[in-house]
Protein chains: 2
Amino acid sequence: MSEKSYTVGRLADDTGIKAVTIRYYEKIGLLPKASRSESGYRLYSEADCSRLLFIRRSRGLGFSLDDIRELLSLADRQQDSCAGVDAKVEQQLEQVRSRLKDLRAMEHELERLTACCEGGVIMDCRIVETLSGAT
Amino acid sequence: MSEKSYTVGRLADDTGIKAVTIRYYEKIGLLPKASRSESGYRLYSEADCSRLLFIRRSRGLGFSLDDIRELLSLADRQQDSCAGVDAKVEQQLEQVRSRLKDLRAMEHELERLTACCEGGVIMDCRIVETLSGAT
DNA sequence: CATTGACCTTATAGTAACTATAACCCTTAG
DNA sequence: CTAAGGGTTATAGTTACTATAAGGTCAATG
């Protein structure tokens with residue numbers, strides 16, 4: 001067994017998550033307390049690295065840190081049904097879709113606005129007019 | 001001239017922006033300091049109401065409060081070119097599109113995940129596997 | 001006239017997920 | 001030996017609010 005261990009900076013480079021963020025994750029209990037070198041440096045194992053990558057991937061899907069905390073604890077129970085994980089993914093998908101809907105509406109409205117200005121002064125600007133309340 | 005004036009709660013009801021939020025906007029200088037009644041209640045005019053609606057509409061397009069601060073100050077100069085406003089709208093559109101892109105990617109990935117789980121236990125779950133690092 | 005309930009006031013702290021800063025300690029290459 | 005580039009801690013700032021506490025005002029009701 002080669003027990004490689006990483007410092008926080010090394011782990012940061014390997015995972016693309018900044019050292020400060022890694023410490024933050026530890027502080028809020030998303031990562032377990034790291035073991036320490038004699039001089040007090042945090043030391044991380046492969047397992048820590050995996051956990052961190054799990055977090056990064058989940059963040060990439062838009063999960064909140066609280067969601068991820070739950071996901072991790074669900075994922076840790078190898079023998080349990082994965083229904084909980086499933087449900088969380090479904091739920092996240094719904095949330096993403098809802099945000100998509102909002103953003104698409106914004107996009108359309110902004111497009112409409114960019115199209116309606118003919119480049120005069122504020123007084124005659126259709127954009128300002130619209131924002132100010134004209135329908 | 002009928003100088004109607006609103007209390008903060010009335011303004012809140014009329015605009016759909018909560019009283020606390022209106023006070024907050026005043027505090028950060030997004031709204032001018034409201035005049036006060038004898039007893040110290042804030043009093044608002046039609047102009048304040050318009051300004052607040054402007055803010056609400058801009059928020060609805062995803063502008064940050066800082067952006068809105070700028071928009072308002074641009075919109076206040078009736079004689080100036082509306083190029084600044086134009087630019088801000090364009091820029092906001094870009095931002096929205098960029099967020100859309102990210103969210104669409106999340107949506108696709110989440111869809112893929114929901115599709116790949118066959119409902120067993122964590123140990124065999126393709127979702128957990130994926131989040132844990134399998135490609 | 002007193003009281004009740006719905007308003008208003010202020011100040012302060014909490015939220016999410018970091019980022020920035022300060023002030024200090026450790027390690028290693030020249 | 002010293003300087004650069006790690007690491008450590010604690011604290012405050014960010015965005016746009018929301019929540020809480022502790023109190024003052026106003027209109028209506030008993």
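We name chains A, B, ... by the order of the sequence lines, and we start the count at 1 in each one.
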So, is A:Arg42 close to the D:dG7 phosphate, meaning a side-chain N or O under 4.0 Å from OP1 or OP2? no
Could you tell me the separation between the CD1 atom of B:Ile22 and the C1' atom of C:dT9, rounded to a whole number of Å? 15 Å
For C:dC18, does OP1 or OP2 lie under 4.0 Å from any side-chain N or O of A:Arg23? no
Report yes if a side-chain nitrogen or oxygen of A:Ser37 is closer than 4.0 Å to either non-bridging phosphate oxygen (OP1 or OP2) of D:dG7; otherwise report no. no
Nearest atoms (heavy-atom pairs only) where A:Leu11 meets A:Tyr6: N-CB, 4.1 Å
To the nearest Å, give me how far apart CZ (B:Arg10) and P (C:dC8) are. 11 Å
For A:Thr15, is there any backbone N or O sitting under 3.5 Å from a side-chain donor or acceptor partner on A:Arg56? yes
Can you find a heavy atom in the side chain of B:Leu72 that is under 4.5 Å from one in the side chain of B:Phe54? yes
Nearest whole angstrom, please: distance from the C1' of C:dA11 to the OH of B:Tyr24. 16 Å
Check every strand shown and say whether B:Ser64 touches a base, only sugar-phosphate, or nothing at a heavy-atom separation below 4.0 Å. sugar-phosphate
B:Thr21 side chain near D:dC17 phosphate (N/O to OP1/OP2, under 4.0 Å): no
Report which part of the nucleic acid B:Phe63 touches: base, sugar-phosphate, or nothing (heavy-atom distance under 4.0 Å, all strands). nothing
For the residue pair A:Ser64 and A:Asp67, confirm or rule out a side-chain donor-acceptor distance under 3.5 Å. yes
Nearest-Å distance, CD (B:Gln95) to C1' (D:dT15)? 13 Å
Within this structure, what is the CG-to-P distance between A:Asp13 and D:dG5, rounded to whole angstrom? 14 Å
So, is A:Arg36 close to the D:dT9 phosphate, meaning a side-chain N or O under 4.0 Å from OP1 or OP2? yes
Can you tell me how far P of C:dC18 sits from NZ of A:Lys27, to the nearest Å? 14 Å
OP1 or OP2 of C:dT19 sitting under 4.0 Å from any side-chain N/O of A:Lys18? yes
Distance in angstrom units between A:Ile17 CD1 and C:dT19 C1', rounded: 15 Å
Give the rounded distance in Å between these two atoms: CG of A:Leu52 and P of C:dC18. 11 Å
Can a side chain N or O of A:Tyr41 be found less than 4.0 Å away from OP1 or OP2 on C:dC25? no
Distance col, row A:Leu110:CG vs B:Phe63:CZ, nearest 0.5 angstrom, shows 5.5 Å
Take B:Ser39 and B:Arg59, find for each the nucleotide of DNA chain D with the closest heavy atom, and name the residue whose nucleotide sits nearer the 5' end. B:Arg59
